[in-house]
There are 2 protein chains.
Amino acid sequence: MFKIGDFSRIARVSARQLRFYDEIGLLKPAQADPFTGYRFYTAAQLAQLNRILVLKELGFPLEEIGRIVNDNPSASDLRAMLLLRRNDAERALAAETARLRLIETRIRQIEGDGQMSGEDVIVRAEPARRVLSLRRVLPSFAAALATVGETHALVRRCVPSGELGTLVVIAHAQEFESDRLDAEFGFTLPDGCRAKLDPKGELTLRELEPVPRMAVAVRIELPEEAHLCTAQIGRYLAASGEELAGPSREYFLRLPAADRMQDAVVEMQFPIRRIEP
Amino acid sequence: MFKIGDFSRIARVSARQLRFYDEIGLLKPAQADPFTGYRFYTAAQLAQLNRILVLKELGFPLEEIGRIVNDNPSASDLRAMLLLRRNDAERALAAETARLRLIETRIRQIEGDGQMSGEDVIVRAEPARRVLSLRRVLPSFAAALATVGETHALVRRCVPSGELGTLVVIAHAQEFESDRLDAEFGFTLPDGCRAKLDPKGELTLRELEPVPRMAVAVRIELPEEAHLCTAQIGRYLAASGEELAGPSREYFLRLPAADRMQDAVVEMQFPIRRIEP
DNA sequence: TATTGACCTTCACGTCGCGTCAACCGCGAG
DNA sequence: CTCGCGGTTGACGCGACGTGAAGGTCAATA
């Protein structure tokens, strides 16, 4: 029989922790003095505690450890639990690895630039979306602006107002030529929203493919100053060793009036992939 | 100006999270209606939020993020913070890696054995310790037992009672021969305890070197049944791909009376190292 | 004997980043 | 006029304990 302090020193486990394990029923002392409340542990409980600590090291939550040590599950059950744990551990490992890579990217960036550029660039997955869109090759930026208005008018005839999503512009051109802008203009449709498609119309309904990794930055200046934003993305890509992996998209998170483009809130999205995968 | 719901959908951040960030002062809405309490966010705050999210992804705690976005620290300060973060992330990564390896060891073990042997074996670091000891080569187990008593008597003459540590027996023999037991018998000394060493005595005061990785199991049976315990360790080593890396130690966590060896609580410690490091 | 100092007890709060109710209120639509 | 939606505040929960505070016991020492 050991008092908690001795048991604690022997097992190299804090007395507080032992009291906690008692409280949650994970390791109850063999005896307790009914007057003083003192806990008394046996030597056999040392082995029991060690089993608990081993399971904890494997990453099981205490509650599950309690079930394991009480129910004494079969080898195959235990194997199944370990396989689940391995999954979790692998995901945690991948997450830590990714985080470390991010940090090192930022360090390199700051050592190269003298500042942390691309501070506003975040990477996330983009789900598939249904869009009602038309694609044009346009000779000028002004024409593109006009096409936005045109698209808006067309779409409003097909979709009940209020069920209309956000404007998205997709840049399809391989290389940028300001007098041959190959772009797709559309509006997203929420799930379950059904559009009456005009068969002779120019609009097509299609599914925008999901993108697992998308570099995103928000532009709140005028569209003419979009280069500030794309420059951010470019620096981010250079520093993190990624490259573009498809046509970029601009989501107009808030659609401004036609003559108030400076009120636009535009999310610029660039599909990316790691170089040399 | 966006209401919290719109801002939440735009930024892909839960409204609850936004309220929380407001509460802790990390991202206060640009305006708040004094009557309804409604929060209103501007488009510029979207960029601010994204910066916060980027820093969060790097693993900074919210409190530190708050300082960073408010104080706008210099590039070199930021670099220093990132270096610290990298340290943490590297340690977390190493921990996750080790954990995954442990899990896979156990899975292999269970698939080979049909059970999880070595369940009681834990691995930990052992610090340096001062011991007062003598080393003998003994012809029998009984002689060793007698030597324990002899050592105890000798040590008690040198050390104030109450400042005496635990009995430790170190097995020095390269290979086990039951009629030539090369062992060291000693007692640990707590820090700050000073022993009066008898110059003509057999006891020597020395420092037991620290061991970074020590496989530990607790034996509560009779010393004659120690093989049950060592077998556990052996199976553990085989399954986890480790090998012995020095003389083993037995710590008598509770020193029994000489004739009550079955009351002993002995921690068997085996220094280990990874095969092919 | 009185007093340490070392232990022990229970109770309760802090950690971190939110998720999840619960109760309540204001606003626009049918 | 009522319904539902979207907003508010507030409180509790998680996981695995750490860290006190307030008060009782124990053994040893002055």
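Proteins get letters first, then strands, A, B, ... in listed order; numbering begins at 1 in each. Because the structure is a prediction, the values reported are computed rather than measured.
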Would you sort out whether R12(A) and E126(B) count as a salt bridge (charged side-chain N to carboxylate O under 4.0 Å, His left out), showing the intermediate values?
CA-CA 11 Å; R12(A) 271 104 165 160; E126(B) 181 70 13; 3.5 Å; yes

Electrostatic pair R86(A)-E96(B), nearest N-O below 4.0 angstrom
no

So I4(B), base contact, sugar-phosphate only, or nothing? Heavy-atom distance under 4.0 Å.
sugar-phosphate

Quick one: E23(A) CD to dC17(D) C1', roughly how many Å, whole number?
10 Å

Within the structure shown, what part of the strands sits under 4.0 Å from Y21(A) by heavy-atom distance: base, sugar-phosphate, or nothing?
sugar-phosphate

Rounded to the nearest Å, what distance is computed from the CG atom of residue D88(A) to the P atom of nucleotide dG15(D)?
13 Å

Is the shortest side-chain heavy-atom distance between Y251(B) and T188(B) below 4.5 Å?
yes

Under a 4.0 Å heavy-atom criterion, DNA chain C is touched by chain B from dG17(C) to dT20(C)

Under 3.5 Å, is there an N or O donor on one side and an acceptor on the other linking the side chain of R16(A) and the base of dT19(D)?
yes

Between D22(B) (CG) and dG10(D) (P), how many Å, whole number?
12 Å

Starting at atom CZ of F7(B), determine the distance to atom P of dG6(D), rounded to an integer number of angstrom.
18 Å

Distance from L58(A) atom CG to R106(B) atom CZ, nearest 0.5 Å?
5.5 Å

Answer yes when R85(A) and D88(A) have at least one side-chain N-carboxylate O distance shorter than 4.0 Å, and no when they do not.
yes

Shortest non-hydrogen contact from T42(B) toward A30(B):
CG2-CB, 3.4 Å

Closest approach to the side chain of S14(A), judged atom by atom: which nucleotide of dT8(D), dA16(D), dG18(D) is it?
dG18(D)

Have Q17(A) and Y21(A) got a donor and an acceptor in their side chains that come within less than 3.5 Å?
yes

F20(B) CZ - dC12(D) P separation (whole Å)
17 Å

Rounded to whole angstrom units, what separation is found between the CZ atom of F40(B) and the P atom of dG6(D)?
15 Å

The residue, R9(A) or P61(B), whose nearest nucleotide of DNA chain C is more 5′ is R9(A)

Interatomic distance, R39(B) CZ vs dG6(D) P [rounded to whole Å]:
17 Å

Reading nucleotides 21-26 of chain D from the 5' end, what letters show protein touch, with B for base, S for backbone sugar-phosphate only, - for no heavy atom under 4.0 Å?
---BSS

If you look at every strand shown and take non-hydrogen atoms under 4.0 Å, does R19(B) touch a base, only sugar-phosphate, or nothing?
base

Whole angstroms only, please: what is the CG-P distance between L18(B) and dT9(D)?
13 Å

Does R39(B) pair with E23(B) as a salt bridge, N-O distance under 4.0 Å?
no

In terms of side-chain geometry, is the basic nitrogen of D6(B) or R9(B) positioned less than 4.0 Å from the acidic oxygen of its partner?
yes

